[in-house]
Amino acid sequence: MEIDPFIFRLSIFILSIFVGYYVVWSVTPSLHTPLMSVTNAISSVIIVGAIIAALSGSNGVVFSSSSIYGFLAIILAAVNIFGGFLVTQRMLAMYKKKKKDK
Amino acid sequence: MSANISAILYLVSGVLFILALRGLSSPETSRQGNLFGIVGMVIAVTVTFLSVGNFSSGFIYVLIFLAIGGSIGAFIAYRIPMTAMPELVAGFHSLVGLAAVFVAISAFINPAAFNLGTPGNIKLASLIEMAIGAAVGAITFSGSVIAFLKLQGIMSGAPITFKGQHLLNALLLILIVILTVYLCSTQSSNLFWILIAVSFLIGFLIIIPIGGADMPVVISMLNSYSGWAAAGIGFTLENTALIITGALVGSSGAILSYIMCKGMNRSFFNVILGGFGATDQTIGGQSKEQRPVKSGNADDAAFLMKNASSVIIVPGYGMAVAQAQHALREMVDTLKKNDIKVSYAIHPVAGRMPGHMNVLLAEANVPYDEVFELEEINNDFANADVAFVIGANDVTNPVAKTDPQSPIYGMPVLDVEKCKSVLFVKRSLSPGYAGIDNDLFYKENTLMLFADAKKMTEDITKNL
């Protein structure tokens, strides 16, 4: 009997939860705010769904009832991707070690 | 592009996201980690374009919308003050949630574009995944909007409770399950819209009873939800990158919520089911006796610190409100010039989101190796000469260790009272968020400095 591809995706999902569990516990508490902003940015990978939705219009029709939602989602996800990664970068740039000689 | 190659590339971008989080284990590797995240995102987006392979006029619009959203995001990222990070993160969560809802709607209207069947005849598994993604996304959206409004001060931070609240929430949750079941059997679009509307309502209802200082838990929880929403959509789209990311973000938010709850010694359900708001009234009824406090001015504080050999600074949300982090850093610079050892003690729930204080201190150029977590520094208070509490309150209250009747009993607190002397910067004697008096105010070795945190810190620096 063939295995439903859903099972493979479920396996990836479950294993990723475990990976996430161990990786996140190793994040130093002082970086918890950047952790939130970067997880925010990466969860916006939902933009792949938005792009597929936006390009789903049949020939010649760019804005159909379904693709409009895709375009709206693209804007939202793009705000998040750029905003999330850049603000994380900005925060991380501020974390400095003590200067040895001063 | 063949489906297999794109699947592998999505996997690569998923792995890069894992590395992005892995990088955050230390500040040195964190910047590289962020770069991994960006590369992962670029790969995911590029692969999507190539696999859809539709470079007609629609593609141009996609780029335009991408640029619009991107420039808004970049603008916000550069302009936002660091003190406003909690609001920003809450706002961003709401966008992820809403994006998930939109993608689910689009997939429901036009399932053929996603290979999920035809309208009215969508594959059962996809329909369930879609419903879950949309529901969780909608809850994330409305919940985050409320959290944002509360953090921004547009909406009062006080918990809003009413009779039968929990019953109503429970009924609505059951309703969602019922709607999903019916949706699967009838494929009716009306049910789908009702499902989304009810989910919006739930998100709204579960966040309004939660008070301001519980926001660290709420933000972490919504972070987690936004991950699960993304994972739900990932299953619908059969996209590995989205599934991996959803799981990562979901567990990350869950862990942060757990850490925050532990920092307050409260169970997750206790926080979610309405917080300290309910206990507030009973305590407010008790008559408070007047106890003597010692108050001083900047001169006294400067004198105490000048004669100290080690000072521990305990920042809290009040420091963020007063924007006092830069003034504080100047004061510390002056202290260091006088050969006084200075370190910072951070309680896990200080501020309005996990790690909030660390970011503010980093912004003020405080080196991160002078900043310590509760467990690392708590034993040092006994050997320190002066503790300088600026904008923190409940997290220093010794009652948590001594009075089993107290609502915060058992919460880990900073052992500030063990210092030789305590300087407590505060506007007034009013109790903190938990609604209880802080015993520390009345201790023999405590000197209260009644003033705005920033102004007081600047005055002390002048007097040093």
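Since the model is a prediction, treat every value here as computed from it, not as a measurement. Naming convention: chains lettered A, B, ... in sequence-line order (proteins, then strands); numbering from 1 in each chain.
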Asks: State, yes or no, whether a side-chain contact exists between A:M36 and B:M85 at a heavy-atom distance under 4.5 Å.
Replies: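 When only atoms from C-beta onward are counted, B:M85 and A:M36 do not touch, as no gap falls below 4.5 Å.
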
Asks: Check each of A:V27, A:L35, A:I42 against B:S252 using the side-chain contact (heavy atoms from CB on, under 4.5 Å) test, and report the only one that passes.
Replies: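 Only one option passes, and that is A:L35.
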
Asks: Quick one: does any side-chain atom of A:T33 pair with a main-chain N or O of B:H356 as donor and acceptor, under 3.5 Å?
Replies: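 A pair under 3.5 Å: yes.
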
Asks: When rounded to the nearest 0.5 angstrom, what is the spacing between OG in A:S66 and CD1 in B:I109?
Replies: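 Atom-to-atom, A:S66:OG and B:I109:CD1 are 6.0 Å apart.
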
Asks: Would you mind telling me which of A:V38, A:T39, A:L86 has the largest number of heavy-atom pairs within less than 4.5 Å of chain B?
Replies: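 Maximum pair count with chain B is reached by A:T39.
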
Asks: Atom CE of A:M94 and atom CG of B:L360: how far apart are they, to the nearest 0.5 Å?
Replies: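 One gets 8.0 Å once the value is rounded to the nearest 0.5 Å.
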
Asks: If you count heavy-atom pairs within less than 4.5 Å of chain A, which of B:A254, B:G37, B:G250, B:A230 leads?
Replies: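 Heavy-atom pair counts peak at B:G37.
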
Asks: Using heavy-atom distances under 4.5 Å, tell me whether A:L10 contacts chain B through its side chain, its backbone, both, or neither.
Replies: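 Both backbone and side chain.
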
Asks: Measure distances from B:A74 to the heavy atoms of chain A and classify the residue's part below 4.5 Å as side chain, backbone, both or neither.
Replies: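 The answer is both parts of B:A74.
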
Asks: Could you tell me which non-hydrogen atom of A:Q89 sits nearest to which non-hydrogen atom of B:I38, and how far apart they are?
Replies: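 Scanning both residues completely, I find the closest heavy atoms to be OE1-CD1, 4.2 Å.
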
Asks: Counting heavy-atom pairs closer than 4.5 Å to chain A, which one of B:N239, B:I80, B:L237 comes out on top?
Replies: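 Of the candidates given, the most pairs with chain A belong to B:I80.
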
Asks: Examine whether an atom of B:S220 lies under 4.5 Å from a heavy atom of chain A, and if so say whether it belongs to the side chain, the backbone or both; otherwise answer neither.
Replies: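 Both the backbone and the side chain of B:S220 come within 4.5 Å of chain A.
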
Asks: A:I47 versus chain B, heavy atoms under 4.5 Å apart: side chain, backbone, both or neither?
Replies: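 The side chain, not the backbone.
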
Asks: Between B:R22 (side chain only) and A:V23 (backbone N and O only), is there a donor and an acceptor less than 3.5 Å apart?
Replies: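 No: the side chain of B:R22 does not pair with the backbone of A:V23.
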
Asks: Where does B:L88 contact chain A at under 4.5 Å (heavy atoms): side chain, backbone, both or neither?
Replies: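 Side chain only.
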
Asks: With sequence neighbours left out, which residue pairs that include part of residues 21-50 of chain B fulfil the ring-ring contact (aromatic ring centres under 6.0 Å, His included) condition?
Replies: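 Matches after skipping sequence neighbours: B:F49-B:F59.
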
Asks: Is it the side chain or the backbone of B:V52 that comes within 4.5 Å of chain A heavy atoms, both, or neither?
Replies: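 B:V52 touches chain A through side-chain heavy atoms alone.
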
Asks: Residues two or more places apart in sequence or in another chain: which of them pass salt bridge (charged side-chain N to carboxylate O under 4.0 Å, His left out) with B:E370?
Replies: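 Applying salt bridge (charged side-chain N to carboxylate O under 4.0 Å, His left out) to B:E370 gives B:K336.
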
Asks: Given side chains that start at C-beta, do those of B:Y368 and A:T28 come closer than 4.5 Å, heavy atoms only?
Replies: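 They are not in contact (no side-chain heavy atoms under 4.5 Å apart), so the answer is no.
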
Asks: Given B:L95, which partner from the list A:I75, A:I46, A:V79 fulfils the side-chain contact (heavy atoms from CB on, under 4.5 Å) test?
Replies: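 That would be A:V79; it is the only one of A:I75, A:I46, A:V79 passing the side-chain contact (heavy atoms from CB on, under 4.5 Å) with B:L95.
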
Asks: Where does the angle between the aromatic ring planes of A:F13 and B:F235 fall among parallel (under 30°), tilted (30 to 60°) and perpendicular (over 60°)?
Replies: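 A:F13 vs B:F235 ring planes: perpendicular.
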
Asks: Would you mind reporting whether B:V103 and A:I52 have side-chain heavy atoms less than 4.5 Å apart?
Replies: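 Not touching, per the 4.5 Å side-chain cut-off.
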
Asks: I need the residue from A:L72, A:N80, A:T88 with the largest number of non-hydrogen atom pairs under 4.5 Å to chain B.
Replies: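 Winner by heavy-atom pair count: A:N80.
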
Asks: Under the 3.5 angstrom rule, does the side chain of B:N34 hit a backbone N or O of A:F85 as a donor-acceptor pair?
Replies: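 Looks like yes, one N/O pair under 3.5 Å.
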
Asks: Please flag which part of B:L21 lies under 4.5 Å from any non-hydrogen atom of chain A: side chain, backbone, both or neither.
Replies: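 Both parts, heavy atoms under 4.5 Å.
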
Asks: Tell me which one of B:P354, B:S30, B:S25, B:S26 satisfies side-chain contact (heavy atoms from CB on, under 4.5 Å) with A:L31.
Replies: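 It is B:S30, the one option of B:P354, B:S30, B:S25, B:S26 that forms the side-chain contact (heavy atoms from CB on, under 4.5 Å) with A:L31.
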
Asks: Can you check whether A:W25 reaches B:I259 side chain to side chain, under 4.5 Å on heavy atoms?
Replies: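 A side-chain contact under 4.5 Å exists here.
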
Asks: Contact part of B:A107 toward chain A, heavy-atom cut-off under 4.5 Å: side chain, backbone, both or neither?
Replies: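 Neither part, no heavy atoms under 4.5 Å.
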
Asks: Could you tell me which non-hydrogen atom of A:V45 sits nearest to which non-hydrogen atom of B:A44, and how far apart they are?
Replies: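 Looking at all heavy atoms of both residues, the closest pair is CG2-CB, 3.7 Å.
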
Asks: Taking side-chain hydrogen bond (donor to acceptor under 3.5 Å, both in side chains) as the definition, give me every residue that meets it alongside B:H93, ordered by chain and number, with sequence neighbours left out.
Replies: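 Per chain and number, B:H93 pairs via side-chain hydrogen bond (donor to acceptor under 3.5 Å, both in side chains) with A:N40, B:N223.
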
Asks: Given heavy-atom pairs under 4.5 angstrom as the criterion, report whether the side chain, backbone, both or neither of B:L256 touches chain A.
Replies: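 For B:L256, the side chain is the part near chain A, not the backbone.
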
Asks: What is the minimum heavy-atom distance between B:I255 and A:G20, and which atoms define it?
Replies: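 Distance-wise, the nearest heavy atoms are CD1-O, 4.4 Å.
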
Asks: With a 6.0 Å cut-off (strictly less than), is the heavy-atom count around CZ of A:F82, excluding the residue itself, greater than 12?
Replies: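 Not buried by this count: 12 neighbours or fewer within 6.0 Å.
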
Asks: Evaluate the ring planes of B:Y61 and A:F63, with Trp represented by its six-membered ring, and classify them as parallel (under 30°), tilted (30 to 60°) or perpendicular (over 60°).
Replies: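 Plane angle over 60°, so perpendicular.
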
Asks: Within residues 2-9 of chain A, which positions have a heavy-atom distance to chain B below 4.5 Å?
Replies: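 A:F6, A:R9 fall under the 4.5 Å cut-off.
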
Asks: Select, from B:M353, B:E28, B:M41, the one with the greatest count of heavy-atom pairs under 4.5 Å involving chain A.
Replies: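 Going by pairs under 4.5 Å, I would pick B:M41.
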
Asks: Tell me, for B:E129 versus chain A, whether the close heavy atoms (under 4.5 Å) come from the side chain, the backbone, both or neither.
Replies: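 Contact with chain A involves the side chain of B:E129 alone.
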
Asks: Counting heavy-atom pairs under 4.5 Å to chain A, which of B:D369, B:V89, B:L248, B:I72 comes out on top?
Replies: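 If we count pairs closer than 4.5 Å to chain A, B:D369 comes out on top.
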
Asks: Just so I know, are the side chains of A:I68 and B:F102 near enough to count as touching, which here means a heavy-atom distance under 4.5 Å?
Replies: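 Of all side-chain heavy-atom pairs linking B:F102 with A:I68, none is under 4.5 Å.
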
Asks: Look up atom CD1 in A:I51 and atom OG1 in B:T46, then write down how far apart they are to the nearest 0.5 Å.
Replies: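 That separation rounds to 8.5 Å.
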
Asks: Pair A:F71, B:V62 - check side-chain contact (heavy atoms from CB on, under 4.5 Å), show working.
Replies: CA-CA 7 Å; A:F71 282 112; B:V62 170; 3.7 Å; yes

Asks: Looking only at heavy atoms, what is the nearest atom pair of A:H32 and B:G355, with distance?
Replies: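 Taking every non-hydrogen atom into account, CB-N, 4.0 Å.
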
Asks: Identify which part of A:I17 has an atom lying under 4.5 Å from any heavy atom of chain B, answering side chain, backbone, both or neither.
Replies: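 Its backbone and side chain both get close to chain B.
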
Asks: With only heavy atoms counted, which part of B:Y78 is less than 4.5 Å from chain A, the side chain, the backbone, both or neither?
Replies: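 Contact with chain A involves both backbone and side-chain atoms of B:Y78.
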
Asks: Do the side chain of B:T245 and the main chain of A:S43 share a donor and acceptor less than 3.5 angstrom apart?
Replies: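 Not confirmed, B:T245 side chain does not pair with A:S43 backbone.
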
Asks: At what distance, to the nearest 0.5 angstrom, does OH of B:Y10 lie from CD1 of A:I12?
Replies: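 These two atoms lie 13.5 Å from each other.
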
